[in-house]
Amino acid sequence: MLTKVIQQANIDKVAKYFERAEKLVIVTHVSPDGDALGSSLGLAHFLETQEKTVNVIVPNAFPDFLRWMPGAKDIIRYDKYSEFADKLIAEADVICCLDFNALSRIDAVAKPVAESQGRKVMIDHHLNPEGFSRVTISHPEISSTSELVFRLICRMGYFEDITLECAQCIYTGMMTDTGGFTYNSNNREIYFIISELLSKGIDKDDIYRKVFNTYSEGRLRLMGYVLYEKMQVFPQFRTALIWLTAEEQGKFQYVKGDTEGFVNMPLQMKNICFSVFLREDTEKNMIKVSLRSVGTFPCNKVAAEFFNGGGHLNASGGEFYGKMEDAIEVFKQALVKYEDLLLKN
Ligand code: 5GP
Ligand code: MN
């Protein structure tokens with residue numbers, strides 16, 4: 001049995017909205033990850049079983065290793081088909097906003113969503129939800145939005161209607177947002193849910209391979225390069241930094257997503273509890289900052305204070321507009337400021 005995480009009033013409202021709606025749209029955050037797509041496609045599969053018209057709209061491209069997901073080929077990219085998407089959003093009775101807490105996280109999709117008369121339902125697990133939705137299901141204590149989608153479907157009384165495809169998507173989101181159940185994954189109910197998903201016929205080992213074992217040669221070599229040449233360890237701060245210039249990315253035929261997970265690697269070292277990855281992003285003309293921590297060290301505070309960002313306690317991100325040297329300087333200032341917390345952790 002699962003604890004009733006989502007408030008009953010919210011379950012009732014969403015059930016009513018879904019029941020009355022004919023056309024629904026699901027939107028998720030920019031550069032969608034496994035949980036963004038898993039929760040969106042999982043919910044879409046469920047709504048299809050209820051004979052609803054449902055479209056999933058994403059702001060931009062998603063990684064190749066998620067392309068196998070059931071329903072992925074029907075996803076509408078806003079950066080390619082904005083006119084069509086605008087129409088769907090304007091005409092939607094309900095707009096489900098999954099895996100993001102603020103309209104700014106959906107980039108150009110924010111405007112049509114804000115302007116639409118459709119009832120907005122947020123289902124998310126990031127801190128501090130913005131109040132743009134009629135119903136806000138926000139649970140930062142839950143490790144993935146996909147898990148929240150599972151809980152919502154079950155609480156509405158539709159466990160039986162979860163198909164294999166729906167279960168595969170939900171599992172993918174739960175797995176990716178916990179690094180294959182290696183962090184944020186001590187809640188035992190996660191494993192109860194996995195057991196329920198297995199009863200739908202998912203092959204969890206196959207999903208793991210499809211998501212995690214699909215590296216290109218360039219990515220694997222780039223990984224070797226950054227670990228050997230570009231990782232600086234600051235043992236006195238229990239911290240490690242990796243930085244990557246545009247030129248270096250070019251040398252390894254970098255494609256989007258190739259550095260996914262790099263920021264987690266230094267945390268495999270004993271006594272390291274904070275890791276930062278800086279990547280020059282020529283497309284957006286900035287330095288993308290990824291931060292990770294273990295234990296109680298709040299890397300989201302560092303992201304907010306030094307890199308115009310935010311996120312979760314142990315996984316956050318931000319942006320730096322300026323030169324790489326300056327970003328590294330700012331990073332060093334952050335270490336000095338947070339020294340006490342780093343050492344206490
Ligand atoms: P990643 O390092 O995987 O890109 O991002 C990890 C987490 O940090 C995301 O799930 C999101 O919560 C947060 N995050 C990443 N980039 C940004 C950003 O630019 N601004 C804010 N507010 N949060 C971010
Ligand atoms: Mn998520």
Side-chain angles (χ1 to χ4, degrees), residues 26-43 58-63 65-66 96-107 110 122-130 137-151 169-179 181 183-185 190 211 241-244 256-267 274-279 281 283-293 298-321 327 331:
I26 297 171
V27 293
T28 191
H29 63 76
V30 69
S31 302
D33 56 12
D35 187 36
L37 292 188
S39 56
S40 298
L41 292 172
L43 184 61
V58 300
N60 60 349
F62 54 85
F65 63 80
L66 298 173
C96 301
C97 300
L98 300 198
D99 203 38
F100 66 92
N101 58 354
L103 283 175
S104 61
R105 293 281 292 146
I106 56 173
D107 275 8
M122 180 200 286
I123 307 172
D124 180 47
H125 67 139
H126 295 88
L127 290 168
N128 310 321
E130 237 177 32
I137 297 177
S138 169
H139 290 276
E141 78 280 16
I142 296 295
S143 57
S144 66
T145 300
S146 298
E147 178 181 333
L148 287 170
V149 166
F150 179 89
R151 288 174 178 275
C169 295
I170 288 174
Y171 183 78
T172 302
M174 291 175 65
M175 180 187 80
T176 51
D177 258 21
T178 55
F181 307 103
Y183 50 78
N184 292 338
S185 54
I190 290 173
V211 171
L241 169 74
I242 297 174
W243 76 98
L244 207 54
K256 208 169 165 43
D258 271 357
T259 53
E260 193 77 36
F262 280 15
V263 66
N264 295 308
M265 297 189 301
L267 297 176
F274 182 39
S275 168
V276 176
F277 176 54
L278 305 172
R279 187 180 67 80
D281 187 330
E283 217 174 274
K284 296 193 186 138
N285 211 7
M286 57 132 163
I287 290 168
K288 182 67 205 170
V289 186
S290 284
L291 308 94
R292 297 289 185 273
S293 64
C299 74
N300 51 353
K301 279 198 181 164
V302 180
E305 202 176 322
F306 291 88
F307 296 110
N308 310 305
H312 313 271
L313 183 78
N314 294 134
S316 63
E319 299 172 349
F320 183 84
Y321 290 85
F331 155 80

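Whatever order the structure lists ligands and atoms in, that order sets their numbers, starting from 1.
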How many protein N, O or S atoms sit closer than 2.8 Å to the Mn ion (ligand 2)? 4

So how far is it from Arg279 CZ to Asp258 CG, rounded to the nearest 0.5 Å? 9.5 Å

Can you tell me how far apart CG (Leu148) and OG (Ser39) are? Round to the nearest 0.5 Å. 9.0 Å

Ring-ring centroid check Phe277 Phe307, cutoff 6.0 Å: no

Give a yes or no answer on whether the side chain of Ser143 reaches the backbone of Asn184 with a donor-acceptor pair at less than 3.5 Å. yes

Look at the side chain of Ser316 and the backbone N and O of Cys299, then say whether any donor-acceptor pair between them is shorter than 3.5 Å. yes

More than 12 heavy atoms of other residues, nucleotides or ligands under 6.0 Å from CD of Glu141: is that the case? yes

Is it true that atom NZ of Lys288 has more than 12 heavy atoms of other residues, nucleotides or ligands lying nearer than 6.0 Å? yes

Ligand 1: which residues have a non-hydrogen atom closer than 4.0 Å? Arg105, His126, Lys288, Ser290, Arg292, Gly309, Gly310, Gly311, His312, Ala315, Ser316, Gly317, Gly318, Glu319

Carefully, step by step, assess His125 and Asp177 under the rule side-chain hydrogen bond (donor to acceptor under 3.5 Å, both in side chains). CA-CA 11 Å; His125 67 139; Asp177 258 21; 3.1 Å; yes

With Thr28, which of Asp99, Asp124, Asp35 fulfils side-chain contact (heavy atoms from CB on, under 4.5 Å)? Asp99

